[in-house]
Amino acid sequence: MILKLFTQPDCGKCPSAKQVVVKLKTQNSKLKIEEFDVTTVDGMAEASFYTVMATPTILLCDNTGKILKDWRGQIPALTELKRATA
């Protein structure tokens with residue numbers, strides 16, 4: 001599974017979303033994490049592909065890129081992320 005985190009520098013909620021993702025990564029080393037800044041060309045392209053319209057957005061995808069679960073414009077609790085990635 002791949003966890004994709006979409007953020008931007010002036011987002012007030014983004015630092016908290018990053019913290020939750022970092023905590024999850026320390027508890028699940030097999031999970032691949034990709035972070036995208038939507039103000040960059042690469043970040044904007046990835047955000048456009050997944051129709052990301054708000055930050056922070058966290059997408060849980062399978063290895064082919066199919067979205068299994070998403071949190072758009074919100075920060076999920078660590079327990080919710082752990083349950084989704086189990």
S.K.: Between atom OG1 of T85 and atom CG of L24, what is the distance when rounded to the nearest 0.5 Å?
M.R.: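 It is 4.5 Å, given to the nearest 0.5 Å.
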
S.K.: Identify the heavy atoms of A17 and L5 that sit nearest to each other, and give their distance.
M.R.: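 In this case the closest contact between A17 and L5 is CB-CD1, 4.1 Å.
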
S.K.: So, T64 and D62: side-chain donor and acceptor under 3.5 Å apart, yes or no?
M.R.: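 Note: T64 and D62 side chains meet the donor-acceptor criterion.
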
S.K.: Sequence neighbours left out, what pairs pass ring pair (Phe, Tyr, Trp, His ring centres under 6.0 Å) with at least one residue falling in residues 9-48?
M.R.: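 Counting only pairs at least two positions apart or across chains, the ring pair (Phe, Tyr, Trp, His ring centres under 6.0 Å) contacts touching residues 9-48 are F6-F36.
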
S.K.: If you compare all heavy atoms of L68 against all heavy atoms of C61, which two are closest, and at what distance to 0.1 Å?
M.R.: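 Where L68 meets C61 most closely, the heavy atoms are CD1-C, 4.0 Å.
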
S.K.: According to the salt bridge (Lys or Arg N to Asp or Glu O under 4.0 Å) rule, which pairs have a member within residues 24-36, sequence neighbours left out?
M.R.: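 Non-adjacent pairs meeting salt bridge (Lys or Arg N to Asp or Glu O under 4.0 Å): K4-E34, K18-E35, K32-E34.
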
S.K.: In this structure, would W71 and L31 fall into the same cluster of hydrophobic residues linked by side-chain contacts under 4.5 Å?
M.R.: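 In one cluster: yes.
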
S.K.: For the pair D37 (side chain) and T39 (backbone), establish whether a donor and an acceptor sit closer than 3.5 Å, ignoring hydrogens and angles.
M.R.: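 Looks like yes, one N/O pair under 3.5 Å.
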
S.K.: Just verifying a value: how many Å separate R83 CZ and K69 NZ, rounded to the nearest 0.5 Å?
M.R.: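 If I round to the nearest 0.5 Å, the distance is 8.5 Å.
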
S.K.: Just verifying a value: how many Å separate L81 CG and T79 OG1, rounded to the nearest 0.5 Å?
M.R.: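 Here the interatomic distance stands at 8.5 Å.
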
S.K.: Enter the distance from E46:CD to T40:OG1 here, rounded to the nearest 0.5 Å.
M.R.: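 Spacing of CD (E46) from OG1 (T40) equals 10.0 Å.
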
S.K.: Using the rule that two of Ile, Leu, Val, Met, Phe, Trp, Tyr join whenever any of their side-chain heavy atoms come within less than 4.5 Å, decide whether L78 and V21 are in one cluster.
M.R.: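 Linked within one cluster.
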
S.K.: Does one hydrophobic cluster hold both I67 and V38, with members joined at side-chain heavy-atom distances below 4.5 Å?
M.R.: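 Both belong to a single hydrophobic cluster.
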
S.K.: Which pairs of donor and acceptor atoms, one on a side chain in residues 48-60, lie under 3.5 Å apart (sequence neighbours left out)?
M.R.:
unit_1: Y50; atom_1: OH; unit_2: G65; atom_2: O; d: 3.0
unit_1: T55; atom_1: OG1; unit_2: Q8; atom_2: NE2; d: 3.0
unit_1: T57; atom_1: OG1; unit_2: A54; atom_2: O; d: 2.5

